[in-house]
Amino acid sequence: MALLHRIKMPFGIVAMVMILLLIPRIFFYPGMAPLGPMFSTPIEATMGIVQKIFYTHIAVDWLAGLGFFISFIFSVLYLIRRNKPQYNPLKYDMIAAVGAELGLVFCSLTLTTGPLWGARAWGTFWDWSEPRLMTFAVLCVVFLAYMVVRAFAGNPQQRATLCAIFAIFGFADVPLVFMSTRIWRTLHPVIITPEGTGLSPSMQITFFFGLAAWTLFFVYIFIKRLELAEMEREVQRLKARILNAEDAEWERQSVSTRAPAAGR
Amino acid sequence: MDNEIVGYVRKVGWLALKDIRMEMRSRELVTTMFTFGAMVAFIFGFALDAAKPQVRQLFPGVLWATFALASVIVLGRSLRMERENDALLGLMLMPVDRSAIYFGKVLGNLLIILLVEALTLPLIALLFSAAPPPELWPQLALLLLTGTLGLTLIGTLLSSLTLNLRASEVLLPVLLFPMLVPVILGTVRVTETLLARGGLVDEAALWMQILIAYDALFGVLSFMFFEYTLET
């Protein structure tokens, strides 16, 4: 945990710088940029300016998947090690919950950028017969239900076990989301094929640079959210201690008022 | 080795038989599910104005939406019954792998839900004037079996998951419906194709395969994780 605290700021700063560099790179086009080709990406032929959402949309989509993957891995780890206190299993549960929550945040970003692009590219915000949209929506709703289970469950061990099972079930959908464009005929294009990405070199650089920038940003807010979760747990612990101390004080006082009556 | 498997299957059968017997005596699950299903079908009929011919095409969707909503009653109650008198503890003490409890419950729920579906389907078909002809009945029965199996497999696991939680009756539908989306999608598509084209052709065959694969996947996953839900 201490290691994570130390790398948080470097990741954050680098991510911030990369995103600041990314913005002109995406939005300027070769003619108008002061530094020419290094800070610009050509406008795509058929879709025009709207295509530039692509650089953000894929990145947040990937990060949602990454968040859910982290949740899955730590859920499995929790189930395996839940009866071995030397590993501190509730920590795995905490990390799984943070992963699910961040995955949900990036899910909502994907579901915002996607329809924005689709409204221009396909003429409609949402298409009910499109497999990738359906599988992705199911994934989001499942992890939304995960958060609901988290709110309603009882003691920490019970909550952790139930949420872990649910996260594993939910993650069974992720391969489906990824493969849906390859199995069925869909409106979504298949980007990464064995022959290459089908993008011009300049676009490829922007794409991968953006992917890296957003991933570093994800790492930064993941660590920050983990710290928040640790602080929440500390608050609960202190509350419990204070309440216990209050109870003990109450007991002590009631005994002392009773004692004189017993002597009569 | 063979005796173990035979013993396992027999215990699963006994568990299902116990549930069926209880149900035959009290008839509470069947009546509540059928009544609720009928109410939902009526509401759909009024809300969608089933007199219009275009609305008749909505019959498969309304059918499976009604089945999904009504089956939550059976799925929730069947496991909650086991909480009385520590019956669940008694089940866990059986000299058999705990997953037998899961499959026993699934079989019992499956038979009860299938019975109510068989009763509700004519009602909804009547409301929407979309009765399937008798030669399609075997294929429809196969579809009902596959779809309801998916429903029951996931539903039984999730109801044991939510058994001891605070708002378990409300939580079960919230957790169940996202996982049921592929099942509902598949069954509605197959029903549509069945009624329109008179058989399980092209697209319907593909969806049936997907349904069976989904049932198998969640059967295995639930079998793996049922024990963990009993701990809590």
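Just so it is clear, the model here is predicted, and its values are computed rather than measured.
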When the 4.5 angstrom heavy-atom criterion is applied to Leu175(B) and chain A, the contacting part is both

When the 4.5 angstrom heavy-atom criterion is applied to Phe166(A) and chain B, the contacting part is side chain

If you tally heavy-atom pairs under 4.5 Å between each of Leu185(B), Ile154(B), Leu221(B) and chain A, the highest tally belongs to Leu221(B)

Whatever's closer than 4.5 Å to a heavy atom in chain B on Ile168(A) counts as side chain

Looking only at heavy atoms, the pair that brings Gly155(B) and Leu176(B) closest together is CA-CD1, 3.6 Å

Among residues 55-71 of chain B, those lying within the under-4.5 Å heavy-atom range of chain A are none

When the 4.5 angstrom heavy-atom criterion is applied to Ser222(B) and chain A, the contacting part is both

*Scan side-chain atoms only and decide if Thr162(B) and Ser168(B) contain a donor-acceptor pair under the 3.5 Å cut-off.*
no

Between Arg237(A) and Glu234(A), is there a salt bridge with N-O shorter than 4.0 Å? yes

Okay, Ala151(A) and chain B: the region with an atom under 4.5 Å from a heavy atom over there is backbone

Looking only at heavy atoms, the pair that brings Ala125(B) and Ala131(B) closest together is CB-CA, 3.9 Å

Would you please indicate if the ring centroids of Phe72(A) and Phe68(A) are separated by under 6.0 Å? no

Compute whether any side-chain donor of one residue and acceptor of the other, for Thr148(B) and Glu117(B), lie under 3.5 angstrom apart.
-> yes

Greatest number of non-hydrogen atom pairs under 4.5 angstrom with chain B, of Ala145(A), Ala137(A), Ala164(A), falls to Ala145(A)

Quick note, salt bridge (Lys or Arg N to Asp or Glu O under 4.0 Å) partners involving residues 87-116 of chain A, not counting sequence neighbours, are Lys91(A)-Glu230(A), Asp93(A)-Arg150(A), Glu101(A)-Arg225(A)

Okay, Phe177(B) and chain A: the region with an atom under 4.5 Å from a heavy atom over there is neither

